[in-house]
Novice: 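Got a structure for you, questions after.
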Amino acid sequence: MIGAGYVGLVSAVCFSEFGWTVTCVDKDHSRLKKLRSGVPPIFEPGLDDLMLRNMKARRLTFSDNLGPAVADADVVFLAVGTPMRRGDGYADLSYVYSAIEELAPHLAGYTVITTKSTVPVGTSREIERRLRELRPDADFSVCSNPEFLREGSAIQDFTHPDRVLIGVDNDDARKVMERVYHPLSLRSAPVVFVSRESAELAKYAANAFLAMKISFINEVSDLCEEVGANVQEVAHAIGKDRRIGDKFLHPGPGYGGSCFPKDVSAIIRTGRENKTPLSLIEQVQTVNEERKLAIAGRIERIVGGSVRGKTIAVLGATFKPNTDDMRDAPSLVIVPMLQERGATIKVYDPEGRDNAASLLPGVIWCETALEAMSDADITTVLTEWNEFRALDLVDAKEVMRGDTLIDMRNVFQCELAHAAGFKYFGIGRGQSLGLEHVTQELETEDMPQAGELKKLAIA
Ligand code: UDX
C-alpha cells in the first residue's frame with residue numbers, strides 16, 4: 001500500500017484484518033513514527049484497535065522503503081494523494097506518477113498495480129504506458145479500484161461496502177483482484193468488474209451525484225424557509241421514493257471534505273477537456289460555493305443586520321462529525337467572514353482543534369460547548385457532532401449573554417429550544433432567514449475560486 005493517508009491506511013488495516021500481509025509505505029517520517037508506535041495519525045473510530053491487532057499479528061507493517069515492499073507484493077495499491085491542482089481545478093497526479101517511477105525498478109514476478117486514489121479517466125492507461133516504457137521486461141497489469149469509504153465510518157464502509165468496484169482489462173488481473181476481495185465476496189458484498197475507464201469515471205460520477213443531492217436539498221431548504229414548509233418533512237416524503245432514496249438529503253451550510261469539492265471540480269475539468277461541459281455539475285459546485293458565502297449574511301440578518309461587536313459561539317468546525325478533518329470545511333469560509341464583519345468567535349469542536357488551529361487564526365478555542373457558549377450573544381452549530389444533541393439547552397441558555405441559536409444542521413428540536421428560552425433558527429424549517437445571494441456572472445472557463453467569491457461577498 002503506497003501512501004498511509006486516509007484511504008491508504010484504512011485500506012491497509014482492513015486488508016490485514018482480512019488476513020493478507022500488508023506493508024504500508026509512506027515518506028512522512030513523523031507519520032511513520034506514530035504509525036509504528038501503534039497510533040493512527042488520523043481520528044477514525046475503531047481504527048486504532050484494528051491497527052494494533054494486526055500489527056501484533058505481524059500482518060501489518062509500516063515502512064519508508066518502497067523497494068522491498070513492491071518486490072514482495074502480488075498487488076501494489078496506489079493510495080497517494082490526488083489533491084486539486086491550484087488554478088485549473090484538475091486532479092494533481094504528480095504523486096501518482098512519481099510513485100510509479102519509484103516502484104518500477106522493483107517490480108518482480110507478476111504484479112498487479114492498482115489505483116485506490118481517485119484518479120481521472122485514462123490514468124490507469126497512462127500508468128501502464130509509463131511503466132511499459134520504464135520496465136519493458138516486467139510482467140504486470142494495471143487496475144482501477146476506487147474507494148468509496150466515508151470518513152468517520154471508514155472501517156464499516158470498507159468491510160461492509162455497497163459494492164467493490166474494480167476496473168480491469170485482462171483475466172489474470174481479474175483473478176488476482178477476485179482473490180484479494182474474496183473475504184468480502186464470502187460475505188456477499190457485490191464485487192463489480194468493469195473496464196478501467198468505467199471504474200475511474202464511476203468514482204467521480206458517484207461523488208458528483210451525491211454532491212448534487214446535497215446542493216439540491218440545500219436549495220429546496222431555502223425555498224422551504226420562504227414558503228413555510230419543513231425541509232425535513234419534504235426530505236422524508238421524497239426519500240420514501242426508492243428512486244430517490246432517503247440518504248444525503250440533509251441540508252446544511254454546504255458540503256466540504258477531502259473528496260466532494262475536489263472530485264466535483266475534477267469531473268468538471270474532465271468534461272470541459274472532452275468538449276462535454278457538465279453544466280448540471282458545474283451548477284452544483286456554484287450552489288455550494290455560494291451557500292458557504294451566504295451563511296455569514298444569514299447570521300447577520302437574523303440578529304438585525306450586523307454582528308459587529310458580538311460574540312459568536314461556533315459549535316463544530318470539521319466538515320462533518322466523527323472526523324478531525326478540516327479540509328474544505330464550511331467553517332473555513334464562514335468563520336473568517338464573521339470575523340471580518342466584526343464578530344469575536346469562540347469555537348468548540350470535539351476533535352478538530354489541532355488541525356483547525358492554524359487555519360482559523362484569531363478564534364478563541366474552548367474545551368466544551370458550554371465554555372464556547374458562555375457570554376456569547378449568538379450560538380451557531382456548523383457540524384452535527386452527536387454530543388451537541390445531548391446539550392442541556394436550559395443550561396446553555398443560562399451561560400449565554402444573548403438568546404439566539406442558529407442551528408445550521410438541524411440538530412435541535414425547535415420546541416425544546418423555544419422552551420429553553422432561545423430564539424431558534426434551524427435550516428429550512430419554515431422561518432424566513434432572508435437569503436443572501438452572491439450574484440456574479442460565472443464564466444465557465446474562468447470560474448472564481450471560493451476565496452475570490454469570499455472577497456466579493458465581503459466587499
Ligand atoms: C465522501 C463520499 O461519501 C465517499 O463515498 C467518498 O469515498 C469520499 O467522499 P466523506 O467526504 O468522508 O465521503 O463524507 P460524506 O459523509 O460523504 O459527507 C461529505 C460532505 O457532505 C460533508 O461536508 C457533509 O456534511 C455533507 N453532507 C452530507 C450534507 O451536507 N448533507 C448530507 O445529507 C450528507
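A quick note: this is a predicted structure, and the numbers were derived from the prediction, not measured. When a ligand or atom number is given, it counts from 1 through the structure's own listing order.
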Novice: Side chains of D325 and Y6 only: does a donor on one sit below 3.5 Å from an acceptor on the other?
Specialist: no

Novice: Looking at D157 and F148, what are the two nearest heavy atoms and their distance?
Specialist: OD2-O, 4.4 Å

Novice: D377 and side chain to side chain contact (heavy atoms under 4.5 Å, CB included): which single residue from V307, V303, T311 fits?
Specialist: T311

Novice: Would you say R409 has any N or O atom under 3.5 Å from an N or O of ligand 1, going by distance alone?
Specialist: yes

Novice: Could you see which bit of K203 sits under 4.0 Å from ligand 1, with heavy atoms only: side chain, backbone, both or neither?
Specialist: side chain

Novice: Residue-level breakdown please: for K247 versus ligand 1, do any non-hydrogen atoms fall below 4.0 Å on the side chain, on the backbone, on both, or on neither?
Specialist: neither

Novice: Return yes if a side-chain donor-acceptor contact under 3.5 Å exists between N288 and T286, otherwise no.
Specialist: no

Novice: Show which atoms of ligand 1 fall inside a sub-4.0 Å distance from at least one heavy-atom site of C259.
Specialist: 8 (C), 9 (O)

Novice: So, do F15 and F158 have ring centers that fall under 6.0 Å from each other?
Specialist: yes

Novice: Please tell me if the side chains of Q283 and S215 come closer than 4.5 Å, counting only heavy atoms from C-beta onward.
Specialist: no

Novice: What protein heavy atom sits nearest atom 14 (O) of ligand 1, and how far off is it?
Specialist: K320 NZ, 3.0 Å

Novice: Answer yes or no: does an N/O atom from F260 fall short of 3.5 Å to an N/O atom of ligand 1?
Specialist: no

Novice: Any N or O of Y255 that comes nearer than 3.5 Å to an N or O of ligand 1?
Specialist: no

Novice: Give yes if a backbone or side-chain nitrogen or oxygen of L210 is under 3.5 Å from a nitrogen or oxygen of ligand 1, and no if not.
Specialist: no

Novice: Any donor and acceptor pair, going by atom type alone, linking the side chain of R59 with main-chain N or O of S16 inside 3.5 Å?
Specialist: yes

Novice: Looking at non-hydrogen atoms alone, which of N288, I214, T323, D246 comes nearest to atom 27 (N) of ligand 1?
Specialist: I214

Novice: Record the part of L249 in heavy-atom contact with ligand 1 below 4.0 Å; permitted values are side chain, backbone, both and neither.
Specialist: backbone

Novice: Considering the heavy atoms of L149, write down every atom of ligand 1 situated less than 4.0 Å from one of them.
Specialist: 4 (C), 6 (C), 7 (O), 8 (C)

